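Note sheet for the following structure.
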Amino acid sequence: MPNLAVRDHEPEEDAAFLVRLAQICDRWTPLVAPAPPDGLILDVTGCAALFGGEERLRDDVLRLFRAGGLTVRAALAGTPEAARSLARHGRVAIVPPGEEGLALRPLPVAALGLAETERIALSRAGLKRIGDLADLPSAALASRFGEEINARLRRLLGREDLRLTPLRPPPPYRMDRLLAEPIGDLTMVEQVLDDLVREAVARLEAEGRGGRVFEADVFRTDGAARRIAVSTGRPSRDAPAILRLLREKLDALADPLDPGFGFDLVRLSIPVVEPLAQAQAGLDGRAVEEDEVSDLVDRLVARFGPRRVLRFVAADSHDPVRASQLRPGSFPPQSLTGQRPPSLRHAEERLEAAPRNTPQQVRACFETHRCATLLSMTQGGRGRSVPSRKERGGAVSGFLQPAPLEPPTRPLQVFDPPQPIETIAELPDGPPLRFRWRRVLHRVVRAEGPERIAAEWWRAPDDPTRDYYRVEDDEGRRFWLYRAGLYGRETDRPLWYVHGLFA
Amino acid sequence: MPDLSALKRAIAALEPDSALRPADLFAFGEPGIDGPLGGGLARGALHEVYARRVSVSASAAGFGLCLALRAGEGRPLVWARQDFVDVETGALHGEGIAEFGGDPDRIVVVRPRDATGVLRAAHEAVRCAAIGAVLAEIWGEPKVADLRASRRLGLAAAGSGVTLVLIRRGAAPQPSAAASRWSVEAASSTPLEAGAPGPPAFDVELLRHRAGCPPRHWRLEWDRDSLSFAAPPLPRPVVPLPADRTVAAADGTPWRLAG
């Protein structure tokens, strides 16, 4: 067989592909559940009429998937199990309501989806079709083959209805725009989104709520679907701001939206909403300014992603590296908004109340959550600040206020990890006289130190103690150097590093 | 020539810089430099800070932060930094900024992947009038950082009144639409007791000033406590004045020539 192409089976890829197909099915109904390894279950209750009846809906589904080169079988029935069995084993495409029993009777018992051994046991007993089983008294069947088979039979025949678990629960706000003529122009997509956002904002306003996450889905005529999601730092129903975020995101897409033969459906959903009261602007305009900064952070996050918009978080640690860290800043910092950050408990309650949708969004929620934790930690640290902190002159923020008239003792920029240097230094605890860093020899003319910083033994018990020196070379450059290990006690050949650069 | 003067007026109306008033300047806080500059640098404009050498880029960042702190007056700052700058010269340190006089809680750091991203972030941030000042740092001489980009940034800054400081490392000064262009070199600090390095010191050179100050050199120190620049004290100790008598005889007695 010269034309046979052989590939390894990749179950993860298959599963991912199934999820992608499920997203495409969003155009027919919000309730889509993947049925691995190769099935999809759609709950089309109340949706068929939108597509011209069940017959037309099924044809539409088949047409789209076949156009994509897939082999598809589809059936419509009263319960998910019945539809599934009919699609896999039956010849009936659409079962009228209440006639599941009749349609399913001729199917083989394999349609029950039982284990191989039970199937053989059934066929040995002469029970080959669903109809044979349905006629038997259920008690007798259960005593011989177990209760499981009865449960499956009930669901299959529509006597018991089990709801499916959709891939993503339907969002509280969802607005569709089904387009009579597919549009290929991105500015027109923006125009449609503009309409949808205004519609959504009107609804949000009427209900006194604001959205935290906005998702725009565009569906192409050939079935491909793209989702653009933006999130805001605080609940919002400001239509121009939301549109600006969506536009920003559209601009920043790594692989831009390809209209192909045009988009025929645009959808806006708001999966996370929070109460938002009408706000009265203060007379001094300060609140407006803070909102503007928060909006700016939202826009930057939409363009560069939450991992690239950062802010400083102080930690109560003497380790200079841990004392200040850069963290994703999509959460509005207290100082920028001028409000108390929501406590951890508040954030948790809100997250529990919010439906968890896409993995992306769950991650976004998680990040929010983590930031809230950090914020409340610094708050706590501020409340019960250690005496040394107070002695150094009432810390206003999590960061230490510098002592007056002292030069900066911490560098503006810090290397992570510290960079090794070659030095000539006085032992056991003098500053270096000369050091070579990045192939350049620096002659030290001024030095201060050592500032001895021990490693945090509860984190890294084996890390050596560091002796830090502030040094200045003959050309006026200032460095933050340290010697790792106490000479004679921890090491005999201490290594030197440059850890930061002063201005 | 009524046509020509009308044209001149029309151009002057289009030019945003013509609206400059003394109120739109921020001072250095050191008369030795504020005087020649005519009161300080323009707020709501683009200022470029070049590191004279790659190895003094920390000084350029420090001088840029000084300008932003002077212009921002306590309002939030946005610091857009190319990823590569972090690798080459170390990441920004919150404690260090606090010790420099900045408030780390009111700084938003954006770290785009490339220079295009930095310029975009700066453009976005500089249009937000609630921001005190925007710092943008790019590495090398990317094509996108050209005359047009600087013109666009300058106009955005003029529109919102937000000061933009563009810090460039590993690049030779290039023509641009910046309101002022500086070249920064590290300077040895005033030593403290026991030979300890003193406060941040810079050797700055004004390369171009749109309002007309000719190129000049200054040596400046940064006073963190008052958030202002200061001239460094004279390098050599000055002979103290005698407390019990006058310095020179006031009666005109001639000095005796020795030797």
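This one's a predicted model, so the numbers in the text were calculated from it and none came from an experiment. Computed from heavy atoms alone, side chains included, the values below leave out hydrogens, waters and symmetry copies. Proteins get letters first, then strands, A, B, ... in listed order; numbering begins at 1 in each.
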Compare every heavy atom of A/Phe312 with every heavy atom of B/Asp105, then report the nearest pair and how far apart it is.
OD1-O, 4.2 Å

Can you see which heavy atom on B/Ile107 is nearest to which on A/Arg311, and at what distance?
O-CB, 3.9 Å

Flag, side chain of A/Ser324 to backbone of B/Gly94, donor-acceptor distance under 3.5 Å:
yes

Side-chain donor/acceptor of A/Arg308 to backbone N/O of B/Val110, under 3.5 Å
no

With no hydrogens and no angle check, do the side chains of A/Gln413 and B/Thr89 hold a donor and an acceptor under 3.5 Å apart?
yes

Looking at B/Leu65 and A/Leu412, what are the two nearest heavy atoms and their distance?
CD2-CD1, 3.9 Å

Side-chain donor/acceptor of A/Arg470 to backbone N/O of B/Pro197, under 3.5 Å
yes

Proximity breakdown for B/Phe63 and chain A, heavy-atom pairs closer than 4.5 Å:
neither

Of A/Arg478, A/Arg446, A/His499, A/Arg303, the largest count of non-hydrogen pairs under 4.5 angstrom with chain B goes to A/Arg446

To the nearest 0.5 Å, how far apart are CZ in A/Phe304 and CZ in B/Arg113?
10.0 Å

Side-chain donor/acceptor of B/Glu95 to backbone N/O of A/Ala323, under 3.5 Å:
no

Is chain A contacted by the side chain of B/Ala201, its backbone, both, or neither, given a heavy-atom distance below 4.5 Å?
both

Quick one: which of A/His442, A/Glu475, A/Arg438, A/Arg477 gives a side-chain hydrogen bond (donor to acceptor under 3.5 Å, both in side chains) with B/Ser55?
A/Arg477

Could you name the residues of residues 220-231 of chain B that have a heavy atom within less than 4.5 Å of a heavy atom in chain A?
B/Arg224, B/Asp225

Could you look at B/Ala187 and say if it's the side chain, the backbone, both or neither that has a heavy atom under 4.5 Å from chain A?
backbone

Tell me, for B/Val87 versus chain A, whether the close heavy atoms (under 4.5 Å) come from the side chain, the backbone, both or neither.
backbone

Looking at B/Glu124 and A/Arg299, is there a salt bridge between them, counting it only when a charged N and a carboxylate O are closer than 4.0 Å?
yes

Among A/Gly449, A/Pro407, A/Gly500, who wins on heavy-atom pairs under 4.5 Å with chain B?
A/Pro407

Where on B/Arg75 is there a heavy atom nearer than 4.5 Å to chain A: the side chain, the backbone, both, or neither?
side chain

Applying a strict 4.5 Å limit to non-hydrogen atoms, the region of B/Glu88 in contact with chain A is both

Working to the nearest 0.5 angstrom, can you tell me the gap between A/Asp474 CG and B/Ser188 OG?
9.0 Å

What part of B/Ala121 lies closer than 4.5 angstrom to a heavy atom of chain A: side chain, backbone, both or neither?
both

